[in-house]
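Here is the structure we will look at, set down as structure tokens.
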2 protein chains.
Amino acid sequence: MEPDDALREALRLAVDPPGGVSIEALRELARDDDSTEWDIATTAAHLGVNPHTLRYYERIGLVCVPRDGAGHRRYDAAAVRRLVFLTRMRTSGMPISDLRHYIDLVDADRDTVSERMDMMLEHRDTLRSQIAQLQLALAATEYKIATYQKAPRP
Amino acid sequence: MEPDDALREALRLAVDPPGGVSIEALRELARDDDSTEWDIATTAAHLGVNPHTLRYYERIGLVCVPRDGAGHRRYDAAAVRRLVFLTRMRTSGMPISDLRHYIDLVDADRDTVSERMDMMLEHRDTLRSQIAQLQLALAATEYKIATYQKAPRP
DNA sequence: GCTTGCCTTTGAGTGCGCTCACACCTCTAC
DNA sequence: GTAGAGGTGTGAGCGCACTCAAAGGCAAGC
């Protein structure tokens, strides 16, 4: 299966109705536009996070961001790619400590592929049961809604 | 539509793949076994939460629990039903403050059906986009896994 | 009677993930 | 030149949702 097919397949599984994020966000993971050079405000806006958060992530060593002459951050493609990944993992509930560990593996000079793979496999399990939990909560919510619709004026 | 049909319909909307929790948990929402009389440890175990958390929920007025002669909590069917709902809403990310509001509506003596309905409708939207987000994260995770599988020894 | 264990209340503590305040710097526009 | 918008690093603060500690009550078993 080609990477692009994998992407499409993944997206097919995802659907995403309201919310705004779409295939664009996914593409970000795969693209390699080396001309990207964003300042912190632009980057934060694109990622939907607070600039403070970006500085915080850098402070704790999750990402390394080059500077311009004035010492201001210039987010290049590599930094943005990593941040897209990081924010996606964060919004899906992976704790910062795990991300630190993962990033340490990525940045290690030895071969850590299998360790990273294990982390991703575990996170996949977590995600799956999380989705199941949410779908259960959704069912409960739908049930309440149905109940309320049946008895509009009790 | 009979309650049981509503349940099934809700479940149909939910799918829930792996994860363990199933229609059992949903049934809990609808059943009315008035012989339920659990102590705090049993209740906590059934709900998968810390007994401290149950006391906390009661302290902040989310639920009202009768006592036995010794002053110990005896969770009856009504309390358990409410707690099942509450924990489901909590695990799906509804903040405590919203739950307080919702419970205030439930316990109000005026007709608050439409207000509660609005809250549930809004939460449904939240849940849907949350699920979409998670599916996106799952896609990203699958993508990483696929990448690692393709290059086991780089 | 005394220990053990589970319960009670209340106030205080914890951990996480930001988020802010502060003091300072560096451009651009007027 | 000076105001203003935006940036910098660092330490401290915050909000949430628990989670624990302390001091005590009750009931069963030895």
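Note that the coordinates shown come from a computational prediction; the quantities given were computed from them, not determined experimentally.
- Using a 4.0 Å heavy-atom cutoff across all strands shown, R73(A) reaches sugar-phosphate atoms only and no base atom.
- By the 4.5 Å heavy-atom criterion applied to side chains, L138(A) and L134(A) are not counted as neighbours.
- Scored by the salt bridge (Lys or Arg N to Asp or Glu O under 4.0 Å) test, D109(B) finds no partners at all (sequence neighbours excluded).
- Rounding to whole angstrom units, CH2 of residue W38(A) and C1' of dG6(D) are separated by 19 Å.
- Partners of R124(A) by salt bridge (Lys or Arg N to Asp or Glu O under 4.0 Å), not counting sequence neighbours, listed by chain and number: E142(B).
- Applying the side chain to side chain contact (heavy atoms under 4.5 Å, CB included) test to A45(B) and every residue at least two apart in sequence or in another chain returns nothing.
- On the nucleic acid side, DNA chain C contacts chain A at distances under 4.0 Å to non-hydrogen atoms, with the end points of that region at dG17(C) to dC27(C).
- Pairs engaging residues 39-53 of chain A under the salt bridge (charged side-chain N to carboxylate O under 4.0 Å, His left out) rule: none recorded [sequence neighbours left out].
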Let me have the donor-acceptor pairs involving side chains of residues 49-56 of chain A, under 3.5 Å, with sequence neighbours excluded, atom names and distances please.
residue, atom, partner, partner atom, Å
N50(A), OD1, H52(A), N, 2.9
T53(A), OG1, N50(A), O, 3.4

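- Residue-level contact check: R67(A) touches the backbone only, with heavy atoms under 4.0 Å from sugar-phosphate atoms and none from bases.
- Between dT8(D) and R55(A), a contact under 4.0 Å exists linking OP1 or OP2 to a side-chain N or O.
- For R59(A), the salt bridge (Lys or Arg N to Asp or Glu O under 4.0 Å) criterion is met by no residue, not counting sequence neighbours.
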Polar-atom pairs under 3.5 Å, protein N or O versus N or O of nucleotides 24-29 of chain D: list them with distances, or write none.
none

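- Only one option out of H123(A), M120(A), M89(A), R116(A) pairs with K144(B) in a side chain to side chain contact (heavy atoms under 4.5 Å, CB included); it is M120(A).
- For E122(A), there are no salt bridge (Lys or Arg N to Asp or Glu O under 4.0 Å) partners, not counting sequence neighbours.
- Residues forming a ring pair (Phe, Tyr, Trp, His ring centres under 6.0 Å) with Y57(A) (at least two apart in sequence, or on another chain): none.
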Every protein N/O within reach of nucleotides 11-20 of chain D N/O, cut-off under 3.5 Å:
residue, atom, partner, partner atom, Å
dG11(D), N7, R59(A), NH1, 3.0
dG11(D), O6, R59(A), NH2, 2.8
dA17(D), OP1, I96(B), N, 3.3
dA17(D), OP2, I96(B), N, 3.4
dC18(D), OP2, Y57(B), OH, 2.7
dC18(D), OP2, R90(B), NE, 2.8

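- Following rounding to the nearest Å, L54(A) (CG) and dG7(D) (P) show an atom-to-atom distance of 11 Å.
- For residues 89-102 of chain B, the pairs satisfying salt bridge (charged side-chain N to carboxylate O under 4.0 Å, His left out) are R100(B)-D104(B), with sequence neighbours left out.
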